[in-house]
Amino acid sequence: MIRSAPALLLLLSTGALAAPQTIVSTAAKVSLLELYTSEGCDSCPPAEAWLSDLQGDDRLWKRVVPVTFHVDYWDYLGWRDPFDSHAYTQRQQAIAAAAGGKTIYTPQFVMDGKDWLNFFDHRPLTLDGGWTVGVLSLAADGRKVTVHFAPQKARDDRLEAHVVLLAFGVDVPVGAGENHGKTLRHDFLVVSDTHGPLAAKDGSYEAVMTLAPPLAAAKATHYALAGWVSRQGDPEPIQAAGGMLKP
């Protein structure tokens, strides 16, 4: 598949991020659930289908923010995943290093910075109690996003923010590799991202960020914006926020 960023960029500028929109978390802790996957991995589609079902979960955005990162280390099988990024592989590696140097794999779920195995054990999605941590807001105007975090208690550590654009209903016919001949459906798909430090001021943290150009052209049914804050260099999020974007 040929990567064609301008086509999706046109779609974004006229649709998902065209009008100014703001997404705000609750003050209670919202968990971040990450899925590391690849179109080149034949054991990944069931995991993606499970995550897709969270669209019907009442806790979506209120208690949990799901995101799907496509990694690049399955490309050697002959199919280049159009949504993969080596930066996502590096994030997965950093999470493994923080856990003591564990091996990375797909599909891998990570809940709040830690390996999460409920999917493999056929256990339901359980979330920790919603203790109060502070409010995170994402104000989008085009590809520019203003991130603001007001912690419940004063902090003296350095924080960073990650912001991602998520696409839903993306169908991709796979032409090679382990999923050759299948059409894969992607939801909560990271198609654009940015991250950087937050500036502390008067007890709050803020930064203005610009979402990177999209990874590839895609036709999506709808989009969402998500983000999280963490200590610099620490994969464990302090607070997360997400929500569907108005068409």
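As the structure is a computational prediction, the values presented were derived from the model and not from experiment. No hydrogens, no waters, no symmetry mates; every other heavy atom, side chains included, goes into these values.
- A donor-acceptor pair under 3.5 Å is formed between the side chain of D112 and the backbone N or O of L32.
- Ion pairing between K182 and E39 fails under the 4.0 Å rule for side-chain N and carboxylate O.
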With side chain to side chain contact (heavy atoms under 4.5 Å, CB included) as the criterion, how do H148 and S204 come out once you've worked through the C-alpha distance, each side chain's angles and the decisive distance to 0.1 Å?
CA-CA 7 Å; H148 185 269; S204 295; 3.5 Å; yes

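- With sequence neighbours left out, the side chain to side chain contact (heavy atoms under 4.5 Å, CB included) criterion links H180 to no other residue.
- Under the 4.5 Å side-chain heavy-atom criterion for ILVMFWY residues, a single connected hydrophobic cluster contains both L198 and I23.
- Taking the ring-ring contact (aromatic ring centres under 6.0 Å, His included) definition, one finds that H162 meets it with H195, W228, sequence neighbours left out.
- Side-chain contact between H186 and P45: absent, with no pair of heavy atoms (C-beta onward) separated by less than 4.5 Å.
- Between A207 and P197, the shortest heavy-atom distance links the atoms CB-O, 3.6 Å.
- Q21 places no side-chain N or O within 3.5 Å of a backbone atom of L225 that could act as its donor or acceptor partner.
- With sequence neighbours left out, A27 forms a side chain to side chain contact (heavy atoms under 4.5 Å, CB included) with T132, V135.
- Across F83 and A216, no two heavy atoms sit closer than the pair CE2-CB, 4.0 Å.
- Neither L211 nor V208 shares a network with the other; the hydrophobic side chains, linked directly or stepwise wherever heavy atoms of I, L, V, M, F, W or Y lie under 4.5 Å apart, form separate groups for each.
- Counting only N and O atoms by type, the side chains of R155 and Y205 include no donor and acceptor under 3.5 Å apart.
- One finds the CD atom of Q239 at 6.0 Å from the CG atom of L136 (value rounded to the nearest 0.5 Å).
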Please set out all donor-acceptor pairs under 3.5 angstrom arising from side-chain atoms of residues 57-68, sequence neighbours excluded.
from: D57; atom 1: OD1; to: R59; atom 2: N; distance (Å): 2.8
from: D57; atom 1: OD1; to: R59; atom 2: NE; distance (Å): 3.0
from: D57; atom 1: OD2; to: R59; atom 2: NH2; distance (Å): 2.9
from: R59; atom 1: NH1; to: L125; atom 2: O; distance (Å): 2.9
from: R59; atom 1: NH2; to: L125; atom 2: O; distance (Å): 3.4
from: R63; atom 1: NH2; to: D128; atom 2: O; distance (Å): 2.6
from: T68; atom 1: OG1; to: F188; atom 2: O; distance (Å): 3.4

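- Across all non-hydrogen atoms, the minimal contact from D84 to D75 is OD2-OD2, 2.6 Å.
- The NE2 atom of H122 lies 12.0 Å from the CG atom of L117; values are rounded to the nearest 0.5 Å.
- The structure places OG1 of T126 at 5.0 Å from CG of N118, a figure rounded to the nearest 0.5 Å.
- Scanning for salt bridge (Lys or Arg N to Asp or Glu O under 4.0 Å) contacts around D187 gives an empty result, with sequence neighbours left out.
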Handout entry: Candidate pair E34 and Q92, rule side chain to side chain contact (heavy atoms under 4.5 Å, CB included), full reasoning
Key = CA-CA 10 Å; E34 304 170 61; Q92 187 185 25; over 6 Å; no

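- Under the ring-ring contact (aromatic ring centres under 6.0 Å, His included) criterion, Y88 pairs with F69, sequence neighbours left out.
- Within a 6.0 Å sphere centred on CG of D202, heavy atoms belonging to other residues, nucleotides or ligands number 12 at most.
- For the salt bridge (Lys or Arg N to Asp or Glu O under 4.0 Å) test, residues two or more places apart in sequence or in another chain that qualify with K114 are E236.
- For the side chain to side chain contact (heavy atoms under 4.5 Å, CB included) test, residues two or more places apart in sequence or in another chain that qualify with A96 are I104.
- Put simply, the side chain of L159 reaches to within 4.5 Å of the side chain of R231, judged on heavy atoms.
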Show your reasoning for whether side chain to side chain contact (heavy atoms under 4.5 Å, CB included) applies to V147 and L138. CA-CA 5 Å; V147 181; L138 311 170; 4.1 Å; yes

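- Grouping the Ile, Leu, Val, Met, Phe, Trp and Tyr side chains by contacts below 4.5 angstrom, directly or via other members, places V24 apart from M209.
- We find the CG-CE distance between L33 and M111 to be 4.5 Å, quoted to the nearest 0.5 Å.
- The shortest heavy-atom contact between P214 and S192 is CA-CB, 4.4 Å.
- For the pair A240 and V30, the tightest heavy-atom approach, listed with the atom from each and the gap, is O-CB, 3.4 Å.
- No continuous path of hydrophobic side-chain contacts links W131 to F149 [ILVMFWY only; heavy atoms under 4.5 Å].
- With sequence neighbours left out, the side chain to side chain donor-acceptor pair (under 3.5 Å) criterion links D115 to Y105, Q108.
- The shortest heavy-atom contact between G40 and N179 is C-ND2, 4.2 Å.
- Put simply, CG on D81 and OG on S38 are 4.5 Å apart, with the number rounded to the nearest 0.5 Å.
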Under 3.5 Å donor-acceptor pairs involving side-chain atoms of residues 165-178, not counting sequence neighbours:
from: D171; atom 1: OD1; to: R185; atom 2: NE; distance (Å): 2.4
from: D171; atom 1: OD1; to: R185; atom 2: NH2; distance (Å): 3.3
from: D171; atom 1: OD2; to: R185; atom 2: NH2; distance (Å): 2.9
from: E178; atom 1: OE1; to: D42; atom 2: N; distance (Å): 2.9

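- For the atom pair OG1 (T106) and CH2 (W74), the distance works out to 5.0 Å, reported to the nearest 0.5 Å.
- With sequence neighbours excluded, no residue satisfies side chain to side chain donor-acceptor pair (under 3.5 Å) with K102.
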*Before giving the answer on ring-ring contact (aromatic ring centres under 6.0 Å, His included), spell out for W50 and F109 the whole-Å C-alpha distance, their side-chain angles and the decisive distance to 0.1 Å.*
CA-CA 11 Å; W50 181 89; F109 286 95; 5.4 Å; yes

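- Residues passing the side chain to side chain donor-acceptor pair (under 3.5 Å) test with S230, sequence neighbours excluded: none.
- Looking only at side-chain heavy atoms (C-beta outward), R143 and P213 come within less than 4.5 Å of each other.
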- Message: Let's go through T146 and E206 carefully: what are the C-alpha distance in whole Å and the side-chain angles of both, what is the deciding distance for side chain to side chain contact (heavy atoms under 4.5 Å, CB included) to 0.1 Å, and is it a yes or a no?
- Response: CA-CA 7 Å; T146 300; E206 188 168 290; 4.1 Å; yes

